[in-house]
Amino acid sequence: MLELEYCMEKVAVITDSGSSIRQESSLAKEFDVVSVPLDIKFLEDNNWVSYQDTDITPEEFYTKMRQSKKLPQTSGAIPGRLFCHYEALAKENRPILSIHI
């Protein structure tokens, strides 16, 4: 009987928190997924204040949204944050699958 050997590299998965996969989640831990936070800006005292979405709870988010005169602004994951992860994985010579909103 012919025995086949498969050499499968572990693919690194990087996403942003818009995927609803949080870094501390069991899913991220089980599959070694890196989830990079998104930035959210709220208008507070006529100034835009930036938060990482991982720094505020959903309850805080909705409270801030109700209290603000304008809807919050969001941006994708900051390229510099992504680059750090890409660079580290490239040093390991791992293939990367990166999925973002």
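FYI, the numbering just counts along the sequence from 1. Computed over heavy atoms, backbone and side chain alike; hydrogens, waters and symmetry mates excluded.
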Taking Met65 as the starting point, is it possible to reach Tyr51 by hopping between hydrophobic residues whose side chains are less than 4.5 Å apart? yes
Could you pull out the closest heavy-atom pair between Gln52 and Asp39, with the gap in Å? CG-OD1, 3.7 Å
Under the ring pair (Phe, Tyr, Trp, His ring centres under 6.0 Å) rule, what pairs show up with a residue in residues 77-101, not counting sequence neighbours? none
Within one Ile-Leu-Val-Met-Phe-Trp-Tyr cluster: Ile40 and Leu43, side-chain cutoff 4.5 Å: no
Applying side-chain contact (heavy atoms from CB on, under 4.5 Å) to Lys64 and Val49, what does each step give before you reach the verdict? CA-CA 11 Å; Lys64 287 181 176 298; Val49 178; over 6 Å; no
Close side-chain approach of Thr74 and Leu38, heavy atoms under 4.5 Å: no
Pairwise distance NZ(Lys91) to CG(Asn93) - rounded to 0.5 angstrom: 13.0 Å
For residues 28-37, tabulate all N or O donor-acceptor pairs below 3.5 Å that involve a side-chain atom, not counting sequence neighbours.
from: Lys29; atom 1: NZ; to: Glu24; atom 2: O; distance (Å): 3.4
from: Ser35; atom 1: OG; to: Ile21; atom 2: O; distance (Å): 2.5

Under 3.5 Å: donor-acceptor pair, side chain of Asp16, backbone of Gly18: yes
Are Lys70 and Trp48 close enough that some pair of their side-chain heavy atoms sits under 4.5 Å apart? yes
Please report the interatomic distance CZ(Phe61) to CZ(Arg66), rounded to the nearest 0.5 Å. 10.5 Å
Do Arg94 and Val11 come close enough that some side-chain heavy atom pair is under 4.5 Å? no
Taking only residues two or more places apart in sequence or in another chain, which ones pass salt bridge (Lys or Arg N to Asp or Glu O under 4.0 Å) with Asp53? Arg22
